[in-house]
Structure formats: C-alpha cells, structure tokens
There are 2 protein chains.
Amino acid sequence: MRALIFDNGLSLDAKRPEPRREEGDCLIKVRQAGICATDLEITRGYMGFKGILGHEFVGEVVESPGARQWIGKRVVGEINVVCGRCDLCLSGLSNHCRNRTVLGISKRDGAFADFVRLPAINLHEVPPAVEDEAAVFVEPLAAAFQVLKQVKLDGKKWVTVLGDGRLGLLCAQVLRNAGCPVRVIGRHPEKMRLCDQWGIRSRAAADITPRHDQEVVVDCTGSASGLEMAMQLVRPRGTIVLKSTVADGKALNLAPIVIDEINVVGSRCGPFREAIKALTEKSVDVTSMIHRRMKLDQGLEAMELAAKPGVLKVILTMD
Amino acid sequence: MRALIFDNGLSLDAKRPEPRREEGDCLIKVRQAGICATDLEITRGYMGFKGILGHEFVGEVVESPGARQWIGKRVVGEINVVCGRCDLCLSGLSNHCRNRTVLGISKRDGAFADFVRLPAINLHEVPPAVEDEAAVFVEPLAAAFQVLKQVKLDGKKWVTVLGDGRLGLLCAQVLRNAGCPVRVIGRHPEKMRLCDQWGIRSRAAADITPRHDQEVVVDCTGSASGLEMAMQLVRPRGTIVLKSTVADGKALNLAPIVIDEINVVGSRCGPFREAIKALTEKSVDVTSMIHRRMKLDQGLEAMELAAKPGVLKVILTMD
C-alpha cells in the first residue's frame, strides 16, 4: 500500500506492507485524512516518532475479526490505544494509559496510508449527515471540546483564544457555542475574516497590549512563545489552557506563573461523541477551514503546504 | 540608620535616612529579619529591584499617626502594600493589586534595616508565645499555608515536596499537619534528618526514578529545573504547585504539561493568621531551621552564607 512515512526525513512509500493485524484490531481503508500541527512537529523531532504519520482520518472498516458488525461502517478513530489494565486505565484516565500507543504519534503507524489498523473499541461510526471531509475534523474538534471539560467557563466574560490556526479556530467556535464571549488573537487577516463570518470577535496580535486582564487564555499558537504571550494576557489567578506541543524548548521566564498565581492546564485529546454531534448539527463550521484537498500521492507537497504560515487544513484523499 | 542595600551590588549603608512617613504608614523598629531565597534571587537580577532588601521581619511599632493603638506592639507585616481601588483589589484579589508595592521586592524599601515602614492594615500583632526568631518565619510559613488554599489535598496519598530548602521544609510540615502523607525529595542529608525528627518521609533526589505517579508535587527547589523534575514525578492529570521564582529562564520542554494534561498552579503569598496560629501552637518547628543568627552589621557575610547549598535560615538581628 501507499504510505507517507517519517524516518528522519519524509518519504512516500508506494509499497509499504499492509498493517499487521493484531487481536481485536480492525483494518480500515482510509478515505481522507487531515494534516495537523502535530504531524509537522513530528517532522521537527517531536516525540521521536518514526513510521506512518497521520491521526486525523475517516475510513471504512474492511476487516473486523472480533466484531463483525463494524464491517462496512464509515468510522473515525480515537488515537490512544490503551491497555485497560494499568493504574491509569483502571482509574478512568485511559487516555493517559502507561502502555499506550498513539496513532501516528507514538509506537503505532498512522493514517496517511491506504489502510490503518485500530481496535474496534477506538472506533466511532460517522452519521450520514457528516461528510468525509468534515469527519476528518472529529479528532481536532474533540481536542477543542476538551477545554470545556477542564475549565469552568460559566459566567466568564474575558476569554481569549491565542492563535488563529486550525485548532484555535475550532476552540473559538466550541467556546462561542458554549455561550462564552470569546475573542481570537491572530496574525492572519483571512482567518480573522472567518471569525467575522462566525460572529466571533478577533484582534491582530500586533494590536494587543499585555493588560493582564483575561480570565482564561487558551494557547493554540503551536509555538513555544505562546505561553509567554498568554502570561501577559491572563489576569492574576486566571487560567491558561495550554494546547501547544512543540518539539523545541524555549528559555521562558516562568516567574509570572508564581507571581500572578496563574493556573496552567495542559489539554490534549477530547470527547469524540461531542465533536461528532457538533458536526452532525453543523454547529461548528469546518468546511470553511479547508485550505486544499490533495491526493496521498502529493503527500510531500501537502506537508510543505500545511507548514506555510496562514494555511489552514490540508486534507489528503486516498482515492 | 543602617540598611542592607542592593543597587547592582550589595552594600551596607550605615547612614541611610530613616524611611519617609506616608499617610497611614507605621514606623517599625526592626528586631530580627530572615534571609529568603527571593532576597538572593534579587541580587541575581530578579524583579529588577533596587533598594533595601528584606521582607521577613519582626519589629516593634514606634510611630503610628493614624492608629495609635499599634504603638509599642510587636508585629509582623504582610508584604503587599495595595491600593484598595483597582479591579483586583475590588474583586478580593488585593494580594495581586495592580498598583502594589512589595516590601523589599518591588518599589518599596525592605526590612534589612533599623527601621521599616508599612501601613497599619498590613500588620499582625505577634502573641507572646511566639519568640522573635520564630516570628521571622511568619511570612514564609504563610506562603506554605497558601498551598492548602489552592489545592485540594483531602484523601490524596501521593504528595511530594520537591526541595529541602527553607520553603520546602515549611511546606512539608504544613502538609503533614493537614493530614497529608507527604514525602520530601532533597539533596542534603542534614535536612533530611530534620524530616526524620518531624516524622516526615524523605528521599534523596539522586535515588529518585521518574515514575509519573505523584498526585501533587510542590516545587520548592527555587531552581528553574525544579519544574522539569516535577513534570517527571507527577502523574497524568496531577498537579504541580510552583513556588520557585528565579531570575533566569531555562529552556524547558513543556510538552509534558500538555501530553500529561498536568495542572500547574503558581503559588505566592499566603495567610498570616494561620501561620501565626501554627507558631503559637508550636505545630510547626522553625527553631530547628535556623542555621545562624548574625548581626545586621554582618549583613554581607550573612547573605553569602545564606546562598551556600545546604544552609537553612540565616537570621539578621538589629540589636
């Protein structure tokens, strides 16, 4: 099969063997997959991952030895493959399983390929109302919903999403839908026009003076300096939700966290069900966020394009 | 009067003018003062402070134009001098007042001097049961109590205090008194013997393997690398209380905060009342933490001594 592989460098392998089936795993024929900032960070060394990239996908189950009812279903998949037996799994934190593999991120081949494998327990059926190219957004949209699980936003008036990238725009829509008067701080006029369309306030980063007055700042910059700016925006005793994972460390002065008694909350994967529901109801607009659709064979160009400033979602199609 | 001053370098000024009285301020004759890690960090550039150092003190009120009942009282003082009018003061966060000055730390001369001034509202009378050299610990002990205000510890079994310095040992005692089975990770055998005396478990940092299993880690290392070790100790979705303020930034990879969805809580000043109560009841042992008592005239040597690894509290006496 074809597969986009990272192993020190990026390459497209046309003759990669199909994924080996393991007990409980389904084989899924990938239809479409989205390129995410994490994929780009992996090519810069993040997680030390080697293998097939990709963790945002929609596909069709073609084999399911243990649970035949899945065959033929159109599915998306949770990316953490967990043991179910460690202390964290047993305490309800299975997304943090000590023995986990993570699709296209850690010790498990991903979805930028003709086929991918995942345990049936990781799969969610995609309702007919959700098209393939929207279903590709389920994983990052779930990550945006995670913010609502972690931070109480009820009654909060001063909430900022820092970063107008893919994840930032998803978070902004999710927070707005939750009744929160969110504001996006970005760098790209065309993305801020998207915010206008959605009725979400936005400001150019260049126009911001650090006023230490925001109750919650969600850092979706994908940059090590995002936390620095977040510390300047958030009010004392406020909350910074940290979404950015980056390969490189940056020398940051973290004293403001202590002086201002800031609460920094790391936030990763989220609830698929809520993301699927939002896409079914079309309460979140993802279609406007698609920058270009490209074929898997153009995978190298697609990764280059996705890395350019201002480019939103690049989708790979496997047909 | 005599005063220990930082202005690019440290110096002892024998002829510093007495502090200018402002409306509402009391004049306090300092009896004893403690040297804190923050004082040492200021001499490395922290906060860009210039002036008389020192914010842990006990003294006697000698002038109090607005509130004569304070005259002759033995007092300790809260270090944040606040406006009472800004949005943060009005919302109950006056320790974070936007217009604050901070004793010996920001825009206000400190207590390593014969006299210091503070508004009457900042003062707490010291009960007779608390000796001068114990009263010097009220301010850092209050900072230790702040951890209890910020983190729910009820039922938590895996709690680590990282760092066996002055603040670490105070935090450990406060957490133990709150019924928490705390463990101290340190570097100095003589301090870990103190933990033994207090019935607090301790381990040498060199013996620790990062197991990501602690529910709460309180970083009292006073070092930029403390957070790095804390991230290795804390379990996913666990809490790191950050107490270390340091002048220098360090290039840290903060991805574990996101991946493990860690909650980092900055923690600064705390409740004086509870610290005074603990010292009155002698439920916290501070006397064993005094390394040496030195005269203000020996201030330069005292600062040098306090900066040495393994040295606990150095107290300056003004007599």
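It should be emphasised that the depicted structure is a prediction, and the values quoted were computed from it without experimental measurement.
Within residues 157-165 of chain A, no residue has any heavy atom closer than 4.5 Å to a heavy atom of chain B.
Residues meeting the ring pair (Phe, Tyr, Trp, His ring centres under 6.0 Å) test with B:H212, sequence neighbours left out: none. Scanning for ring pair (Phe, Tyr, Trp, His ring centres under 6.0 Å) contacts around B:F6 gives an empty result, with sequence neighbours left out. Partners of A:R237 according to the salt bridge (charged side-chain N to carboxylate O under 4.0 Å, His left out) rule, which considers only residues two or more places apart in sequence or in another chain, are A:E261.
You'll find the side chain of A:L254 reaches within 4.5 Å of the side chain of B:L227, heavy atoms only.
With a threshold of 4.5 angstrom between heavy atoms, A:T239 does not approach chain B through any atom at all. For A:I262, the part lying under 4.5 angstrom from a heavy atom of chain B is the backbone only. With a 4.5 angstrom heavy-atom cutoff, A:L242 touches chain B via backbone and side-chain atoms both. Proximity to chain B (any heavy atom under 4.5 Å) is shown, for A:D213, by both the backbone and the side chain.
Enclosure of atom CG in A:L10 by more than 12 non-hydrogen atoms of other residues, nucleotides or ligands within 6.0 angstrom is indicated. Within a 6.0 Å radius of CG in A:L40, more than 12 heavy atoms belonging to other residues, nucleotides or ligands are found. More than 12 heavy atoms of other residues, nucleotides or ligands lie within 6.0 Å of CZ in A:R98, so this atom counts as buried by the packing criterion.
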>> Between A:N263 and B:N263, does the side chain to side chain contact (heavy atoms under 4.5 Å, CB included) criterion hold? Intermediate values first, please.
In response: CA-CA 7 Å; A:N263 192 359; B:N263 193 359; 2.4 Å; yes

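Atoms CG and CZ, from A:D87 and B:R235 in turn, are 8.5 Å apart once rounded to the nearest 0.5 Å.
In terms of heavy-atom pairs under 4.5 Å with chain B, the best-connected choice from A:I259, A:L88, A:I257, A:L93 is A:I259.
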